[in-house]
Amino acid sequence: MIYYKGAFRETDNVIYFKSEVTLAANDVILFGERKYFIESVENGFLLLQRVGSIHTVSV
């Protein structure tokens, strides 16, 4: 398990969670019904941005 701490830009809200996979910038993570885009990862600290909706696109 990898333990992370995440925060939202310009807020004091911090969340703590663990993951079975290594997370990287530009990944999207799901917490129940909420989706978050990872802006950056630095030493296990994630800068998160809330995502409104995700659409499936095929090429």
Side-chain angles (χ1 to χ4, degrees):
M1 287 294 159
I2 303 163
Y3 294 88
Y4 291 99
K5 180 166 84 169
F8 305 96
R9 188 177 296 281
E10 300 177 7
T11 68
D12 293 332
N13 296 337
V14 176
I15 58 174
Y16 298 90
F17 62 97
K18 60 184 175 182
S19 174
E20 293 181 7
V21 297
T22 302
L23 300 174
N26 300 321
D27 285 350
V28 173
I29 55 177
L30 304 173
F31 293 118
E33 297 293 319
R34 296 184 181 187
K35 302 165 192 83
Y36 298 97
F37 174 77
I38 301 173
E39 288 186 35
S40 67
V41 178
E42 193 171 316
N43 297 327
F45 180 79
L46 309 175
L47 183 58
L48 303 171
Q49 180 179 1
R50 179 93 189 264
V51 176
S53 61
I54 297 175
H55 300 279
T56 303
V57 178
S58 60
V59 291

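Counting from 1, the numbers follow the sequence of the chain as shown.
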- Message: With a 4.5 Å cut-off on side-chain heavy-atom distances among I, L, V, M, F, W and Y, is there a chain of contacts connecting Tyr4 to Phe37?
- Response: no
Listing, residues 14-23 side-chain donor-acceptor contacts under 3.5 Å, not counting sequence neighbours, or none:
| from | atom 1 | to | atom 2 | distance (Å) |
| --- | --- | --- | --- | --- |
| Ser19 | OG | Val21 | N | 3.2 |
| Ser19 | OG | Val21 | O | 2.8 |

- Query: What are the two closest heavy atoms between Ser40 and Ala25, and how far apart are they?
  - Reply: CA-CB, 4.1 Å
Could you go through residues 42-51 and list every donor-acceptor pair under 3.5 Å that involves a side-chain atom there, pairing it with any protein atom two or more places apart or in another chain?
none

